[in-house]
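Okay, structure first, notes after.
Heads up: numbering here begins at 1 and tracks the sequence.
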Amino acid sequence: MGKEDELVNGSGVAGKQDRSPALDFKPVNYNNFNRTNPMSDLFSVRRFHHVEFWCSDATNTSRRFSWALGMPIVAKSDISTGNTTHASYLLRSSQLLFLITAPYSATISTVDTNTASIPTFSHAACRAFIAAHGLAVRSVAIEVDDAELAYSISVYNGAKSSSPPITLGEQENAGVLAEVQVYNDAVLRYISFTKPTIDITSTFLPGFEPIESSSSFPGQDYGLRRLDHAFGNVPELASAVNYIKSFTGFHKFAEFRAEDVGTIESGLNSMALACNNETVILGFCEPIYGTRRRSQIQTYLEHNEGPGFQHLALESEDIFWTLREMKQRSGFGGLEFMPPPPPTYYRNLKKRIGDALSDDQMKACEELGILVDRTDEDTLLQIFTKPLGDRPTIFIEIIQRKGCMIENNKQKPGCGGFGEGNISELFKCVEEYEKTFKE
């Protein structure tokens, strides 16, 4: 039985989904949302694998990210490795992988022999992407059991193809990579391996070579462990949610409406989808129009020249450690953070969260500007950077979920969902930050 037979007959996975507008996409009020997991994935998902940024200068961008986030550069594919098509550098902190890619001159790239180590790389697409978006996320990669099957199921259920499956490496240690569109020129990348436990430092993809620690920042680690979720901004929520849900089968993980998180001046609607094991969470925000101020989502869409990934949430094992390291570097090459909430926020904190944190931890939250919220399952600690580049577009979230411990002293992915209070405070912080813009 081939891949197409599996799609039609549904051997082990769901078949074609109903992609009609009748799909339930409209967000409800936060207090009325009932989070359930129907285990509805159309193909088997393991976890987030890596995030690829496209930019015009991979060397300096990778070094800045490495310094700012405590992610050593562990592998490379560039002129020194025989790649005259693009420069790519892989950053790693535990399961968190960032790939920074920039094009070389098209005139030096050999036409007859493609030296690119990222098989889906295109000079024309990369240059157009950078011109439109500046520094931005090109692809979010998720590791699946079978990338070829995931791609086939996705396209069969309405996904727009960006790249059909490509086999990489030798048979006994092969990988398969395929891509579908998620936000126009941003893609969802499926990747699978014959041996999923391969050493990603030395064999991330064929053509990458490991970098000795002395070439980066030796022993660098600020406590970041994995990608918790990735959110994007879109002009219209319904079509974006319907599109992704129809070809992945992901279930609704969180919903917010303007009355939950907006202010009297502006607002947004938001929804997040998650895979069965909730290791992959993809969220979407749309602007509310006709308010006193332009919605911050609309600001993003204008500066990004369309939809795209708005923020990446990086999970920390100890957010206090992570932030102290990051803030030491904010003034010289690191990342700056959004303004903290007012002092009244922390004076009322114990009333809102009870004994979830110690007095010392609550003081540390105020010192570092951390937002704290309680959900039905956990305590959620979050903080957000200012935009990463010149444009008020993509930014980073640092998150720690405290609770939901399962076997082997591990935490359940997606523990507790998202807290309404934190999302509301973030919205206010961004709104205040945007008031500094001269319009």
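For Glu302, the side-chain hydrogen bond (donor to acceptor under 3.5 Å, both in side chains) partners two or more places apart in sequence, or in a different chain, are Arg294, Gln298. Legend: residues meeting side-chain hydrogen bond (donor to acceptor under 3.5 Å, both in side chains) with Arg127, ordered by chain and number and at least two apart, are absent.
Looking only at distances, a side-chain donor or acceptor of Thr194 sits under 3.5 Å from a matching main-chain atom of Ala174. Remark: the backbone N or O of Phe250 is paired with a side-chain donor or acceptor of Thr248 at under 3.5 angstrom. No donor-acceptor distance shorter than 3.5 angstrom exists from the side chain of Asn304 to the backbone of Tyr300, with no hydrogens or angles considered. Checking side-chain atoms of Arg138 against main-chain N and O of Asp185 turns up a donor-acceptor pair under 3.5 Å. Panel note: side chain Arg391, backbone His303; a donor-acceptor pair is recorded below 3.5 Å. With Gln181 contributing its side chain and Tyr183 its backbone, the two residues share no donor-acceptor pair below 3.5 Å. No donor-acceptor pair closer than 3.5 Å links the side chain of Ser93 to the backbone N or O of Leu96. Side chain of Ser62 to main chain of Ile100: no donor-acceptor pair is present (N/O by atom type, distance under 3.5 Å, no hydrogens or angles). Formation of a donor-acceptor pair under 3.5 Å by the Ser295 side chain with backbone atoms of Ile297 is found in this model. Using modelled atom types, no side-chain atom of Arg47 and backbone atom of Val280 make a donor-acceptor pair closer than 3.5 Å.
Residues Gly369 and Pro341 come closest through the heavy atom pair O-CD, 4.2 Å. Across all their heavy atoms, Ala58 and Ala87 have their closest contact at CB-O, 3.5 Å. The minimum heavy-atom distance between Ser117 and Leu205, with the atom names listed, is O-CD1, 4.2 Å. In terms of heavy atoms, Trp321 sits closest to Asp221 at CZ2-O, 3.1 Å. Contact record, Tyr346 with Cys365: OH-O, 3.4 Å, taken as the closest heavy-atom pair. When every heavy atom of Ala102 is checked against every heavy atom of Ser56, the shortest pair comes out as CB-C, 3.7 Å.
The aromatic rings of Phe193 and His49 sit tilted, their planes meeting at an angle between 30° and 60°.
For the pair Pro387/Met338, a side-chain contact is recorded, criterion being any heavy-atom separation below 4.5 Å from C-beta on. Annotation: side chain of Val187 is in contact with side chain of Ser139 (closest heavy-atom distance under 4.5 Å). A 4.5 Å side-chain heavy-atom check between Val372 and Leu349 finds at least one atom pair inside the cut-off. Within the 4.5 Å cutoff, side-chain heavy atoms of Met362 are placed close to those of Ile353. Side-chain contact between Val180 and Tyr190: present, with at least one pair of heavy atoms (C-beta onward) separated by less than 4.5 Å. Looking at Leu381 and Phe320, their side chains come closer than 4.5 Å, going by heavy atoms from C-beta outward. Val51 places a side-chain heavy atom less than 4.5 Å from the side chain of Val137. Using a 4.5 Å heavy-atom threshold, the side chains of Glu397 and Ile383 count as separate.
Atom NZ of Lys350 sits in a crowded spot, with more than 12 heavy atoms from other residues, nucleotides or ligands closer than 6.0 Å. For Asp355, the CG atom is loosely surrounded, since the number of other residues' heavy atoms within 6.0 Å does not exceed 12.
Looking at Arg352 and Asp373, no side-chain N of the basic residue comes within less than 4.0 Å of a carboxylate O on the acidic one, giving no salt bridge. Ion pairing between Arg225 and Glu315 fails under the 4.0 Å rule for side-chain N and carboxylate O. Of the charged side-chain nitrogens involved, none lies within less than 4.0 Å of a carboxylate oxygen, so that Glu179 and Lys160 do not count as a salt-bridged pair. Between Glu325 and Arg329, at least one side-chain nitrogen of the basic residue sits less than 4.0 Å from a carboxylate oxygen of the acidic one, meeting the salt-bridge criterion.
Summarising the geometry, atom CG belonging to Asn60 is positioned 12.0 Å from atom CZ belonging to Phe65; distances are rounded to the nearest 0.5 Å. The CG atom of Leu135 sits 7.5 Å away from atom OG1 of Thr393, with the distance rounded to the nearest 0.5 Å. With rounding to the nearest 0.5 angstrom, the CG atom of Leu224 is 11.5 Å from the CG atom of Leu91. Rounded to the nearest 0.5 angstrom, Ile398 CD1 and Leu335 CG are separated by 8.0 Å. A distance of 7.5 Å separates CG of Leu42 from OG of Ser154, quoted to the nearest 0.5 Å. Considering OG1 of Thr322 and CG of Leu69, their distance stands at 10.0 Å, rounded to 0.5 Å.
Ring to ring, Phe53 and His133 are not that close: their centroids are 6.0 angstrom or more apart. Aromatic ring centres of Tyr156 and Phe247: separated by at least 6.0 Å. Separation of the Phe284 and Phe231 ring centroids does not fall under the 6.0 Å cut-off. Aromatic pair Phe121/Trp54: ring centres closer than 6.0 Å.
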Self-check item: Trace of the side chain to side chain contact (heavy atoms under 4.5 Å, CB included) decision for Arg46 with Val144
Solution: CA-CA 5 Å; Arg46 290 177 176 268; Val144 296; over 6 Å; no
Practice problem: Go through Met271 and Lys252 one step at a time and tell me if the side chain to side chain contact (heavy atoms under 4.5 Å, CB included) criterion holds. | Solution: CA-CA 7 Å; Met271 184 178 291; Lys252 290 195 290 186; 3.6 Å; yes
Practice problem: Step by step, work out the salt bridge (charged side-chain N to carboxylate O under 4.0 Å, His left out) result for Asp228 and Arg401. | Solution: CA-CA 10 Å; Asp228 183 272; Arg401 300 177 183 274; 2.9 Å; yes
Practice problem: Start with the C-alpha gap between Leu312 and Phe98, add the side-chain angles, then the distance that decides, and say whether side chain to side chain contact (heavy atoms under 4.5 Å, CB included) holds. | Solution: CA-CA 11 Å; Leu312 304 172; Phe98 277 2; 4.0 Å; yes
Self-check item: Working for side chain to side chain contact (heavy atoms under 4.5 Å, CB included), residues Leu227 and Leu314
Solution: CA-CA 5 Å; Leu227 180 63; Leu314 314 184; 3.9 Å; yes
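A donor and an acceptor atom, one from each side chain of His50 and Glu143, are nowhere located under 3.5 Å apart. No hydrogens or angles considered: nothing links the side chains of Ser163 and Thr120 as a donor-acceptor pair under 3.5 Å. Side-chain polar atoms of Asn277 and Thr279 form a donor-acceptor pair below 3.5 angstrom. A donor atom on one side chain and an acceptor atom on the other are not found under 3.5 Å apart for Ser66 and Tyr89. In the model, Glu278 has a side-chain atom that pairs as donor or acceptor with a side-chain atom of His251 under 3.5 Å. Judged purely by distance below 3.5 Å, without hydrogens or angles, the side chains of Ser161 and Tyr151 pair a donor atom with an acceptor atom.
A cation-pi contact, defined as under 6.0 Å to the ring centre and within 45° of the axis, links Lys327 to Phe337.
Sorted by first then second residue, the salt bridge (charged side-chain N to carboxylate O under 4.0 Å, His left out) pairs that include residues 50-59, not counting sequence neighbours, are Glu52-Arg189.
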